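Because the structure is a prediction, the values reported are computed rather than measured. Residue numbers begin at 1 in each chain, while the letters A, B, ... track the order of the sequences.
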Amino acid sequence: MVKIENVVGSGSLGVEFDLESVSADLGSIAEYDPDKYPGMYLRFDEDAPLITVYRTGKYIITGEDSKDEAYSTRKKFLHHLAENGMISTPADDRFQIQNIVCTADLERSLNLNALAIGLGLEKTEYEPEQFPGLIYRSPDFDSVILLFASGRVVITGSPDLDSAEQTFSILSHEIADILNIN
DNA sequence: TAGTGTGTTTCTTATATAGGTCGTATCC
DNA sequence: GGATACGACCTATATAAGAAACACACTA
């Protein structure tokens, strides 16, 4: 079972913003400190996902746990800008999901040293002194996989859930083969 | 050598994972 | 004061974005 933990999407509104005045107009939902970072942060609620808006009109949505919710947040964001007269509607913002972070569980503990050898040393990085997880990069996948001794798995870099599920399925079979051989 | 131009790196945000370290709090 | 417990934060991964700070190459 692959579960989405974070979705990152980006778009471009094709208009330039004066972030100083935009943040002043939007009030408490906006946070802008150009000395700290050139982007303006926008959050509709305390636990809501974060929207980072740039001077060029480009923006990033992070912190959603599904693709649909990311699109829903984008819709709310565009509606809010239109309501405040900052953009015209309908806006063609070329919004795209860029990255999905997923977790999964192999439901068995793993010997990461053995797994690094089995999966191929050229495709894996495992330095437990530096980081407790094994990093697996296969040319067969779009994404990068982090494997932990507990059997928990993090899949990151996927453009969609189908791709992450496919990656996890292939990985599960590869690991099963390795463990059966050993 | 100084100035300019280009390219690279770092910063920030979200999120899971887990081991290690560090600081703070509580108890004896 | 010492021991233990707990939380926070660091490490790494992907991804977008813009700006600043660098490093390096080239020309005058």
Side-chain angles (χ1 to χ4, degrees), chain A residues 1-20 22-23 29-67 69-74 77 93-113 115-116 119 123-161 163-168 171-172 175:
Chain A
M1 168 77 175
V2 176
K3 180 176 177 273
I4 296 179
E5 303 289 352
N6 185 30
V7 175
V8 181
S10 67
S12 175
L13 294 162
V15 290
E16 293 215 350
F17 293 122
D18 175 357
L19 296 179
E20 197 83 53
V22 169
S23 64
I29 62 166
E31 190 187 323
Y32 179 53
D33 183 359
D35 293 334
K36 194 179 167 199
Y37 191 67
M40 176 187 76
Y41 299 126
L42 193 64
R43 215 189 286 263
F44 291 111
D45 298 299
E46 201 177 311
D47 297 323
L50 182 76
I51 305 166
T52 311
V53 187
Y54 297 93
R55 179 189 54 79
T56 55
K58 293 182 178 179
Y59 67 95
I60 304 167
I61 296 175
T62 54
E64 283 292 11
D65 48 21
S66 79
K67 217 169 168 175
E69 284 181 29
Y71 276 96
S72 165
T73 296
R74 165 214 174 225
F77 167 59
D93 63 337
R94 300 184 293 277
F95 182 73
Q96 266 193 315
I97 299 298
Q98 304 289 352
N99 182 28
I100 291 180
V101 182
C102 300
T103 53
D105 196 343
L106 289 162
E107 291 171 345
R108 66 195 298 174
S109 56
L110 303 171
N111 179 337
L112 298 181
N113 279 311
L115 213 53
L119 290 170
K123 291 186 272 184
T124 58
E125 282 174 46
Y126 180 48
E127 292 176 57
E129 303 85 9
Q130 200 175 2
F131 186 68
L134 181 152
I135 299 155
Y136 181 37
R137 287 185 181 86
S138 170
D140 302 330
F141 312 142
D142 294 331
S143 40
V144 171
I145 299 160
L146 283 74
L147 290 150
F148 296 89
S150 63
R152 308 275 290 205
V153 177
V154 176
I155 303 161
T156 183
S158 301
D160 53 61
L161 180 61
S163 168
E165 282 176 334
Q166 200 181 347
T167 297
F168 182 66
L171 174 78
S172 304
I175 290 175

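- One axis for each end of the helix from B:dT1-C:dA28 to B:dC28-C:dG1, each built from five base pairs, and the angle between them comes to 70° at 10° resolution.
- For the atom pair NZ (A:K123) and CD1 (A:I135), the distance works out to 16.0 Å, reported to the nearest 0.5 Å.
- For residues 50-67 of chain A, the pairs satisfying side chain to side chain donor-acceptor pair (under 3.5 Å) are A:E16-A:R55, A:Y37-A:Y54, A:Y59-A:D93, A:E64-A:T73, with sequence neighbours left out.
- Chain A approaches DNA chain C within less than 4.0 angstrom (heavy atoms of the protein), and the contacting nucleotides run 5' to 3' from C:dT11 to C:dA19.
- Taken to the nearest 0.5 Å, the OG atom of A:S12 stands 11.5 Å off from the CD atom of A:Q96.
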Show me the donor-acceptor pairs within less than 3.5 Å that the side chains of residues 102-109 of chain A make with the rest of the protein, sequence neighbours left out.
| unit_1 | atom_1 | unit_2 | atom_2 | d |
| --- | --- | --- | --- | --- |
| A:T103 | OG1 | A:E5 | OE2 | 2.6 |
| A:D105 | OD1 | A:E107 | N | 2.9 |

Sequence neighbours left out, cut at 3.5 Å: what donor-acceptor pairs do the side chains of residues 145-157 of chain A make with other protein atoms?
| unit_1 | atom_1 | unit_2 | atom_2 | d |
| --- | --- | --- | --- | --- |
| A:S150 | OG | A:R152 | N | 3.3 |

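- Within the nucleic acid shown, A:T56 comes within 4.0 Å of sugar-phosphate atoms alone, with no base atom in reach, counting heavy atoms only.
- Under the rule for a side chain to side chain contact (heavy atoms under 4.5 Å, CB included), the partners of A:P34 that lie at least two apart in sequence or sit in another chain are A:Y32.
- One distance of note links OG of A:S10 with CD1 of A:I51; it measures 13.0 Å at 0.5 Å rounding.
- In terms of the side chain to side chain contact (heavy atoms under 4.5 Å, CB included) criterion, residue partners of A:D45 (sequence neighbours excluded) are, by chain and number, A:A48, A:K76.
- Within the 4.0 angstrom heavy-atom criterion, only backbone atoms of the sugar-phosphate kind lie near A:E125; the bases stay farther away.
- Less than 4.0 Å separates DNA chain B from no heavy atom of any residue of residues 104-112 of chain A.
- Between atom CG of residue A:L115 and atom OG1 of residue A:T124 there is a gap of 8.5 Å, rounded to the nearest 0.5 Å.
- With values rounded to the nearest 0.5 angstrom, A:I60 atom CD1 is found 11.5 Å from A:N99 atom CG.
- One distance of note links CD of A:E165 with CG of A:D160; it measures 9.5 Å at 0.5 Å rounding.
- Screening residues 136-145 of chain A for salt bridge (charged side-chain N to carboxylate O under 4.0 Å, His left out), with sequence neighbours left out, gives A:E125-A:R137.
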Revision key, fill the gap. Whether each nucleotide of nucleotides 7-17 of chain B has a protein heavy atom under 4.0 Å at its base (B), only at its sugar-phosphate (S) or at neither (-) is summarised, 5' to 3', as ----BBBBBBB

